[in-house]
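Below, read A as the first sequence line, B as the second, and so on, with proteins coming before strands; counting in each chain starts at 1.
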2 protein chains.
Amino acid sequence: MGDHVSGKGLKRADLARRTGCNLETIRYYEKIGMMPDPPRTASGYRVYDVTHVGRLRFILRGRELGFSIEELRGLLQLVDRGTQTCAEVKALTEQHLADVRAKIADLKRIEKVLAATAAQCSGKQVPECPVLEALAS
Amino acid sequence: MGDHVSGKGLKRADLARRTGCNLETIRYYEKIGMMPDPPRTASGYRVYDVTHVGRLRFILRGRELGFSIEELRGLLQLVDRGTQTCAEVKALTEQHLADVRAKIADLKRIEKVLAATAAQCSGKQVPECPVLEALAS
DNA sequence: CCTTGAGTCTGTAGTTACTACAGACCCTAT
DNA sequence: ATAGGGTCTGTAGTAACTACAGACTCAAGG
């Protein structure tokens with residue numbers, strides 16, 4: 001049995017393949033309460049269905065967009081309770097966007113210093129180096 | 001006794017204050033071999049001098065520039081052996097610069113998606129939200 | 001001299017978000 | 001019946017710190 005045979009009753013590997021998620025990560029998300037505890041077969045195997053696929057995709061997309069697990073937990077709690085409003089979700093998104101922009105600014109600052117310093121290097125087989133001077137100064 | 005009294009024989013807190021480094025981080029860097037094991041007083045207190053200040057500043061500046069511990073370990077090994085050349089250091093720096101640029105590109109991609117999606121939000125007290133749709137799609 | 005408070009010592013646990021085992025089951029196909 | 005996969009559990013490892021508990025040491029005040 002598997003994914004393509006019956007259309008329901010996905011095993012863990014099936015869910016992983018459908019979502020592109022790592023096999024172990026699924027168990028991890030369950031453990032930390034991001035994914036619900038799925039029903040089990042008599043012998044203890046997890047059984048998933050399309051709702052699990054949807055939820056896992058939600059989490060994975062959120063992670064791709066740089067949301068932390070805690071941020072996603074907040075989002076999912078709103079959704080799970082059915083109490084979310086566009087205003088709330090937008091506020092969380094914009095907070096996250098601000099964090100992303102701060103990280104970009106930080107990395108750009110770093111990039112400038114690195115590029116400027118490396119540009120001063122002779123690149124020769126000599127021990128003295130502007131990069132080391134910049135670090136040791 | 002302390003930092004300002006004798007000019008030598010810094011204790012751990014003195015080194016921390018002079019470099020802005022967290023107290024515990026100093027011990028951590030020692031443990032992972034980034035800082036040398038310092039001499040000790042008879043009762044076991046670590047005793048630092050200016051060479052330790054220089055080395056710790058080197059590490060901290062490198063970290064500020066986003067070098068990983070392993071990257072800095074490579075740099076420091078060259079310096080410790082006195083075998084570094086500007087060419088080698090420049091190569092390591094440019095590799096790191098490429099990594100930084102890749103991270104910036106990644107974050108910019110994320111920023112675009114977040115900004116575009118959030119811009120579609122009505123921001124009203126309604127349950128439907130473009131952000132949730134983007135995640136659940 | 002003794003106490004008190006601050007500093008230091010050690011080892012260990014917590015953080016984030018996974019990833020990768022080991023050793024025991026289970027299930028299916030030959 | 002058995003061989004091979006897949007699955008189960010719990011645990012340890014990753015990066016780079018940070019924070020504690022409990023014991024010890026040290027200098028200054030009374």
Side-chain angles (χ1 to χ4, degrees), chain A residues 1-6 9-35 37-48 52 56 58-76 96 99 103 106, chain B residues 1-6 9-35 37-48 52 56 58-76 96 99 103 106:
Chain A
M1 91 183 55
D3 191 356
H4 60 294
V5 171
S6 66
L10 305 175
K11 286 204 294 244
R12 193 150 58 102
D14 299 323
L15 181 58
R17 193 172 36 70
R18 280 205 184 187
T19 57
C21 185
N22 178 291
L23 192 63
E24 298 290 286
T25 303
I26 294 171
R27 203 158 56 95
Y28 171 69
Y29 285 157
E30 179 184 322
K31 186 179 161 194
I32 65 172
M34 299 292 287
M35 289 289 289
D37 289 13
R40 304 281 187 129
T41 65
S43 60
Y45 283 23
R46 289 167 178 84
V47 182
Y48 298 102
H52 297 98
L56 184 50
F58 186 102
I59 297 168
L60 294 174
R61 291 232 175 81
R63 296 289 301 129
E64 275 171 25
L65 289 176
F67 284 97
S68 71
I69 291 288
E70 286 314 307
E71 284 171 326
L72 288 173
R73 199 191 294 279
L75 235 31
L76 284 168
H96 175 51
D99 294 347
K103 270 186 204 157
D106 211 42
Chain B
M1 93 187 55
D3 190 357
H4 59 295
V5 171
S6 66
L10 303 176
K11 288 203 294 240
R12 192 149 59 102
D14 299 324
L15 181 58
R17 192 171 37 68
R18 279 206 183 187
T19 57
C21 185
N22 178 291
L23 193 62
E24 298 290 289
T25 303
I26 295 171
R27 202 157 60 94
Y28 170 69
Y29 285 158
E30 180 184 321
K31 186 179 161 192
I32 64 172
M34 299 291 286
M35 289 289 289
D37 289 12
R40 304 282 187 127
T41 65
S43 59
Y45 283 24
R46 290 167 178 85
V47 182
Y48 298 101
H52 296 96
L56 184 51
F58 186 103
I59 296 168
L60 294 173
R61 290 233 175 80
R63 295 290 300 127
E64 275 171 25
L65 290 176
F67 284 97
S68 71
I69 291 288
E70 287 312 309
E71 285 172 324
L72 287 173
R73 200 191 293 279
L75 234 32
L76 283 167
H96 175 51
D99 295 346
K103 269 186 207 157
D106 210 44

Whole angstrom value for the distance that separates [atom2] of [N] from [atom1] of [X]:
X: B/Glu64; N: D/dA16; atom1: CD; atom2: C1'; answer: 15 Å
X: B/Ile32; N: D/dA16; atom1: CD1; atom2: P; answer: 8 Å
X: B/Tyr48; N: C/dG7; atom1: OH; atom2: P; answer: 16 Å
X: A/Ile26; N: D/dT9; atom1: CD1; atom2: P; answer: 13 Å

Could you list, one pair per line, each protein nitrogen or oxygen that sits under 3.5 Å from a nitrogen or oxygen of nucleotides 18-22 of chain C, together with the distance?
residue: C/dC18; atom: OP2; partner: A/Tyr29; partner atom: OH; Å: 2.8
residue: C/dC18; atom: OP2; partner: A/Arg63; partner atom: NE; Å: 2.5
residue: C/dC18; atom: O5'; partner: A/Tyr29; partner atom: OH; Å: 3.3
residue: C/dT19; atom: OP2; partner: A/Thr25; partner atom: OG1; Å: 2.8
residue: C/dA20; atom: N7; partner: A/Glu24; partner atom: OE1; Å: 3.2
residue: C/dC21; atom: N4; partner: A/Glu24; partner atom: OE1; Å: 2.8

With a 4.0 Å cut-off on heavy atoms, is A/Ser68 in touch with a base, just the backbone sugar-phosphate, or nothing at all?
->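 Result for A/Ser68 = sugar-phosphate.
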What nitrogen or oxygen pairs link the protein and nucleotides 5-7 of chain D at under 3.5 Å?
residue: D/dG6; atom: N2; partner: A/Tyr45; partner atom: OH; Å: 2.6

Would you call A/Arg12 and A/Glu24 a salt bridge, using N to O less than 4.0 angstrom?
->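 Yes, this pair counts.
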Pairing of A/Asp14 and A/Arg17 as salt bridge, 4.0 angstrom limit |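 A salt bridge is present here (some side-chain N lies under 4.0 Å from a carboxylate O).
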Could you grab the distance from atom [atom1] of [X] to atom [atom2] of [Y], nearest 0.5 Å is fine?
X: B/Tyr48; Y: B/Leu56; atom1: OH; atom2: CG; answer: 8.5 Å
X: B/Glu71; Y: B/Arg63; atom1: CD; atom2: CZ; answer: 9.0 Å
X: B/Arg27; Y: B/Arg46; atom1: CZ; atom2: CZ; answer: 6.5 Å
X: A/Ile59; Y: A/Leu76; atom1: CD1; atom2: CG; answer: 5.5 Å
X: A/His52; Y: A/Leu15; atom1: NE2; atom2: CG; answer: 8.0 Å

C/dT10 phosphate, OP1 or OP2: any side-chain N/O from B/Arg40 under 4.0 angstrom?
->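 Yes, B/Arg40 has a side-chain N/O under 4.0 Å of OP1/OP2 on C/dT10.
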Taking only side-chain nitrogens and oxygens of A/Ser43, does any of them come within less than 4.0 Å of OP1 or OP2 of D/dC8?
->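 Checking D/dC8 against A/Ser43, no side-chain N or O comes under 4.0 Å of OP1 or OP2.
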Residues that B/Asp99 engages under side-chain hydrogen bond (donor to acceptor under 3.5 Å, both in side chains), provided they are two or more places apart |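 Only B/Gln95 meet the side-chain hydrogen bond (donor to acceptor under 3.5 Å, both in side chains) criterion with B/Asp99.
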side-chain hydrogen bond (donor to acceptor under 3.5 Å, both in side chains) partners of B/Glu64, counting only residues at least two apart =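 B/Glu64 satisfies side-chain hydrogen bond (donor to acceptor under 3.5 Å, both in side chains) with no other residue.
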Who pairs with A/Arg61 by salt bridge (charged side-chain N to carboxylate O under 4.0 Å, His left out), at least two apart in sequence or on another chain?
->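 If we apply the salt bridge (charged side-chain N to carboxylate O under 4.0 Å, His left out) test to A/Arg61, skipping adjacent residues, there are no hits.
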Net bend of the helix from C/dC1-D/dG30 to C/dT30-D/dA1, end axes of five pairs each, nearest 10 degrees |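 Nearest ten degrees gives 30° for this helix.
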Using a 4.5 Å cut-off on heavy atoms from C-beta on, say whether the side chain of B/Ile26 contacts that of B/Met35.
->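 No; the side chains remain at least 4.5 Å from each other.
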